[in-house]
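Structure first, commentary second.
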Amino acid sequence: MRSCRSRRSCRRGSRPAASWPCTATSSCRSRACSPRSSGSASRSTRPTSSYEAAGTTELNIGSPKQLGELLFDKLGLDTKGVKRTKLGWSTEADTLEALVDAHPVIRPILDHRELMKLKGTYLDALPPLVNPATGRVHTTFNQVVAETGRLSSQDPNLQNIPIRSELGRKIRRGFIAAPGHVLIAADYSQIELRILAHLSGDPLLGSAFRDHVDVHTQTAAEVFSVPREQVTAEQRRIAKAVNYGLSYGQSDVGLARALDVTRTQAAEYSRRYFQRFPTIHKFMEDIVTLARAQGGARTLLGRWRPIPNLTSKSPQARHAAERMAQNTPMQGAGADLIKLAMLATARRITRENWPVRMLLTVHDELVFESPPSLADEVGAALQQEMESVYQLSIPLEVDIGIADNWADA
DNA sequence: ATATTCACG
DNA sequence: ACGTACGTGAATATT
């Protein structure tokens with residue numbers, strides 16, 4: 001994948017970067033930390049800030065320990081429900097989100113966190129890694145670290161390039177095809193839920209996939225007892241969390257946290273879900289029983305993962321092992337299928353003698369580079385190859401995107 | 001070396 | 001009362 005030189009969206013130095021470490025001055029309260037002209041704080045001219053009122057003159061916002069002390073010990077924000085860490089109070093994003101109305105400094109801190117994450121991990125790190133000979137960044141894939149059979153990517157990790165936030169999407173937009181080429185992104189649609197439908201044999205989930213019904217809408221219709229046409233966006237959002245959480249052993253409390261609802265409400269969603277999808281309920285129980293008897297879990301194509309703690313005396317370790325036993329067959333089958341897809345697409349490209357390269361694999365997605373004149377034909381062929389790598393009881397579907405950059409593909 | 005946080009599927 | 005979806009890798013701070 002080519003680096004982002006000569007692209008408008010990733011021009012470096014066009015905007016001043018935030019200084020680091022960022023000292024808390026009054027400017028940090030209203031917006032993310034601004035760069036200062038010199039490294040030393042202008043103590044003599046700085047206006048009184050709430051930090052000084054709190055007995056604090058300087059703070060490394062990058063230190064969770066210092067930040068927790070400031071928010072919870074000095075400013076006295078409500079610590080009810082705030083998790084403790086070994087070093088003090090947790091300041092993770094979920095914790096801070098709950099406090100945005102409690103103090104005006106919280107939102108700027110969250111914004112600062114996002115900016116520093118993206119700058120430090122991607123904007124600063126990636127450009128120096130461009131290989132001068134190829135003009136691209138090259139990752140290293142590891143085939144033997146992930147217990148489920150997934151590949152991992154390191155130095156740099158190209159499997160965690162941002163996309164979820166608007167700002168993150170701009171970073172992904174910096175990954176572009178070679179001059180005169182386009183990227184073809186081919187991703188499996190809801191691969192793990194399809195695998196769950198296949199492995200469990202659940203008739204309702206299976207028919208949703210076979211009838212090309214949106215599964216989250218379908219689940220919402222069941223959980224909320226309304227016709228599919230009347231499912232609201234909010235109900236679909238809840239159903240999506242239920243689908244992805246409960247089928248992997250997420251607890252009521254975990255679901256409550258994910259959805260920001262009460263434990264009672266989450267338990268009600270859970271109850272209704274398993275009442276409507278009893279086959280999935282039984283499958284999730286059986287899979288743990290089987291794994292306990294055998295000492296591990298096996299994926300679709302036979303990869304074995306030992307899970308010793310299924311018989312641990314520690315309830316915490318045992319429960320964690322049970323969730324691994326529930327998750328491994330699905331995540332592992334997804335890994336099996338994408339590997340088959342890599343083989344099938346590579347063979348097809350070779351057989352057709354297309355001037356097309358496979359660039360990346362990202363768990364349920366493959367990224368290729370193609371001349372634009374061939375892209376539609378190649379994309380359709382790759383889609384067909386990927387959808388037919390393995391016959392499940394429900395269809396596999398692949399979405400194809402074509403663009404000159406990874407964000408739009 | 002370990003802890004915390006957060007980027008992705 | 002506890003602790004509560006799975007799988008990764010990287011950056012920074014702390015010890």
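Each chain gets a letter, A, B and so on, in the order its sequence line appears, and its residues count up from 1.
- Distance check: Glu192(A) CD to Asn243(A) CG gives 12.5 Å after rounding to the nearest 0.5 Å.
- Between Gln316(A) and Asn157(A), it is Gln316(A) whose nearest contact on DNA chain C lies nearer the 5' terminus.
- Ala93(A) comes within 4.0 angstrom of the backbone, heavy atoms only, and of no base.
- Summarising the geometry, the separation between CG on Leu255(A) and C1' on dG3(C) is reported as 15 Å, rounded to the nearest angstrom.
- For dG9(C), neither phosphate oxygen OP1 nor OP2 lies less than 4.0 angstrom from any side-chain nitrogen or oxygen of Thr121(A).
- A distance of 11.0 Å separates CG in Asp364(A) from CG in Leu337(A), rounded to the nearest 0.5 Å.
- One can place CD1 of Ile280(A) at 19 Å from P of dA5(C), the figure rounded to the nearest angstrom.
- At dT8(C), none of the side-chain N or O atoms of Arg150(A) fall inside 4.0 Å of OP1 or OP2 (strictly under the cut-off).
- Judged by distance alone, with hydrogens and angles left aside, Gln331(A) brings a side-chain donor or acceptor within reach of the base of dC6(C), the pair sitting under 3.5 Å.
- Between Leu115(A) atom CG and dT5(B) atom P the separation is 19 Å, expressed in whole Å.
- Taking only side-chain nitrogens and oxygens, Ser165(A) never comes nearer than 4.0 Å to OP1 or OP2 of dA7(B).
- Of the candidate nucleotides dT8(C), dA5(C), dA7(B), dA7(B) has the atom lying nearest to any side-chain atom of Glu114(A).
- For the pair Phe175(A) CZ and dC8(B) P, the interatomic distance rounds to 12 Å; values are reported in whole Å.
- Between Lys86(A) and dA3(B), a side-chain N or O to OP1/OP2 separation shorter than 4.0 Å is present.
- Spacing of P atoms, dT4(C) relative to dT4(B), comes out at 13 Å, to the nearest Å.
- The number of heavy-atom neighbours closer than 6.0 Å to CZ of Arg357(A), taken from other residues, nucleotides and ligands shown, is 12 or below.
- Proximity note for Arg113(A) (side chain, C-beta onward) versus dT5(B), dT14(C), dG9(B): the nearest is dT5(B).
- Nucleotides dC6(B) and dC2(C) place their P atoms 24 Å apart, quoted to the nearest Å.
- Across all strands shown, dA1(C) has no partner, as no Watson-Crick or G-U wobble contact with both distances under 3.5 Å is found.
- A tilted orientation is assigned to the rings of Phe72(A) and Trp89(A), their planes being inclined by 30° to 60°.
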Query raised in the report: Going through the checks in order, is the side chain to side chain contact (heavy atoms under 4.5 Å, CB included) test met by Gln190(A) and Tyr244(A)?
Result: CA-CA 10 Å; Gln190(A) 294 169 323; Tyr244(A) 277 102; 3.9 Å; yes
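- Put simply, Arg305(A) has a side-chain N or O that comes within less than 4.0 Å of OP1 or OP2 on dG7(C).
- Ranking dT8(C), dG9(B), dT5(B) by closeness to the Val145(A) side chain, first place goes to dT8(C).
- The side chain of Asp155(A) approaches dA10(C) more closely than any other nucleotide in the set dA7(B), dG9(B), dA10(C).
- For Arg263(A) and dT4(C), the shortest distance from a side-chain N or O to OP1 or OP2 is not below 4.0 Å.
- No contact: Ala335(A) has no heavy atom under 4.0 Å from any strand.
- For the pair Leu259(A) CG and dA5(C) P, the interatomic distance rounds to 12 Å; values are reported in whole Å.
- Listed nucleotides: dT4(B), dA5(C), dA13(C). Nearest to the side chain of Ser63(A): dA13(C).
- Among the heavy atoms of the strands lying under 4.0 Å from Glu147(A) are primed sugar atoms or P, OP1, OP2 only; no base atom is included.
- When the nucleotides dG3(C), dT4(B), dG9(B) are ranked by their closest atom to the side chain of His319(A), dG3(C) comes out on top.
- Looking at Glu166(A) and Lys170(A), no side-chain N of the basic residue comes within less than 4.0 Å of a carboxylate O on the acidic one, giving no salt bridge.
- Val253(A) comes within 4.0 angstrom of a nucleotide base, judged by non-hydrogen atoms across all strands.
- Contact annotation: Thr148(A) side-chain N/O to dC6(C) OP1/OP2 distance is not under 4.0 Å.
- Checked against a 6.0 Å centroid threshold, the rings of His181(A) and Phe368(A) do not count as neighbours.
- For dG3(C), its base never sits under 3.5 Å from the side chain of Arg257(A) at any donor and acceptor pair.
- Taking atom P in both dT5(B) and dG3(C), one finds a spacing of 16 Å when rounded to whole Å.
- In this structure, Glu69(A) places its CD atom 12 Å from C1' of dT14(C), rounding to the nearest Å.
- Comparing dG9(C), dG3(C), dG7(C) against the side chain of Ala146(A) picks out dG7(C) as the nearest.
- Distance from the side chain of Asp364(A) is smallest for dG9(B) among the nucleotides dT5(B), dG9(B), dA7(B).
- Distances were taken from every side-chain heavy atom of Leu87(A) (C-beta onward) to each of dA7(B), dT15(C), dA13(C); the shortest belongs to dT15(C).
- Looking at heavy-atom distances under 4.0 Å, Gln66(A) makes contact with sugar-phosphate atoms alone, never a base.
- Under 4.0 angstrom from either OP1 or OP2 of dT4(B) there lies at least one side-chain N or O belonging to Thr85(A).
- Leu59(A) places its CG atom 13 Å from the C1' atom of dA13(C), with the value rounded to the nearest Å.
- Residue contacts for Thr91(A): at a heavy-atom cut-off of 4.0 Å it reaches the sugar-phosphate backbone alone, with no base atom in range.
- Taking side-chain N and O atoms only, Asn60(A) has a distance below 4.0 Å to OP1 or OP2 of dA13(C).
- Taking atom CZ of residue Arg84(A) and atom P of nucleotide dC2(C), one finds them 13 Å apart after rounding to whole Å.
- Out of dA3(B), dT4(C), dA10(C), the shortest distance to the side chain of Lys117(A) is found at dA10(C).
- Residues Tyr273(A) and Phe277(A) place their aromatic rings such that the two centres sit under 6.0 Å apart.
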